[in-house]
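The structure's right below; bear with me while I get my questions together.
For clarity, every value in this text was computed on a predicted model and none was experimentally measured. Numbering of ligands and ligand atoms starts at 1, following listing order.
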Amino acid sequence: MFVTVEGIDGAGKSTLVSALEDRYPDAEFTCEPTDSWLGDCVRRSISSEDSDPLTDLFLFTADHSDHVGRIVRPAVEADDLLFCDRYVDSRVAYQGATLDGRVNRPMEYVRRVHEPWSIEPDLTLLLDLPVEEALERLDSRMKYENESHLRRVRENYRALAEGEPGRFHVVDAGASPEDVVQACVEAVDAEL
Ligand code: TMP
């Protein structure tokens, strides 16, 4: 089974993923951007103040293509339990916001770029949190972490979840870390 973890910066993904590592010791864990040289290119681009949003999209997507080929497809074909911290929905939500005004219907555009060749998760855990609370939890603010941008990203995530209620499991990330983990474990176990 293939499970992705999504949410705006500061929603608590890292805490959740380390709890899932303890709870599912035989599962594989991966993330986007990856730790490959392509992931390094992505991190370099998004840490630059003046990078171009379309360039960011295609760097993230290049990293994703390599990730699907090396990690995701083999794990899915072997029917392993694979967790991925950020995946295609991050692109649809984040670049869907940065590309607004640059391309028509940006969320749909980003989705269509992936559709013919990517692999869809079985379950997506979306940690949902008001932006003010998320920003309080963040100590550094990168380009994608300013308030108005994160508001649009959160709305994009919520629209994605509404559009695919069968795949998304939305969790209130304002709850205690224990309750967040419990809600996610229940959702994963129900699918397994
Ligand atoms: P991280 O903090 O979860 O490692 O993600 C790094 C930043 O990159 C975060 O602000 C979200 C952003 N991001 C995108 O904008 N698009 C993407 O496709 C991914 C995977 C991350």
May I ask you to list the atoms of ligand 1 that are less than 4.0 angstrom from any heavy atom of Arg91?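 Going through ligand 1 atom by atom, the ones under 4.0 Å from Arg91 are 17 (C), 18 (O), 20 (C).
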
Option with minimal heavy-atom separation from atom 21 (C) of ligand 1, where the choices are Tyr94, Phe60, Tyr87: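 Among Tyr94, Phe60, Tyr87, the closest heavy atom to atom 21 (C) of ligand 1 comes from Phe60.
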
Just which atoms of ligand 1 are under 4.0 Å from any heavy atom in Ile46?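 Those atoms are 7 (C), 8 (O).
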
When you group the ILVMFWY residues by side-chain heavy-atom contacts below 4.5 Å and let the links chain together, are Val92 and Val68 in the same group?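 Same hydrophobic cluster.
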
Which ligand 1 atoms, with their elements, are less than 4.0 angstrom from a heavy-atom of Gln95?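 Result: 14 (C), 15 (O), 16 (N), 17 (C), 18 (O).
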
Applying the side chain to side chain contact (heavy atoms under 4.5 Å, CB included) test to Val131, which of Asp9, Asn146, Leu150 qualifies?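 Single pass found, and it is Leu150.
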
Identify whether the distance between the nearest side-chain nitrogen and carboxylate oxygen of Asp63 and Arg43 falls below 4.0 Å.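 No, this pair does not count.
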
Structural part of His64 in contact with ligand 1, heavy atom criterion under 4.0 angstrom: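 No part of His64 comes within reach of ligand 1.
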
Proximal candidate to atom 3 (O) of ligand 1 [heavy atom criterion; set Glu6, Arg86, His149]: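 Shortest heavy-atom distance from atom 3 (O) of ligand 1: Arg86.
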
Which atoms from ligand 1 have a heavy atom of Glu32 less than 4.0 Å away?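 Taking each heavy atom of Glu32 in turn, ligand 1 has 20 (C) under 4.0 Å.
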
Sub-4.0 Å heavy-atom contact, Lys13 with ligand 1: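 A heavy atom of Lys13 does come that close to ligand 1.
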
If you measure from the Lys or Arg side-chain nitrogens to the Asp or Glu carboxylate oxygens, is any gap between Lys13 and Glu6 under 4.0 Å?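 A salt bridge is absent here (no side-chain N lies under 4.0 Å from a carboxylate O).
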
CZ of Arg70: more than 12 outside heavy atoms within 6.0 angstrom?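 For Arg70, atom CZ is crowded (more than 12 foreign heavy atoms under 6.0 Å).
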
Less than 4.0 Å between a side-chain N and a carboxylate O, is that true for Arg151 and Glu147?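 Yes, this pair counts.
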
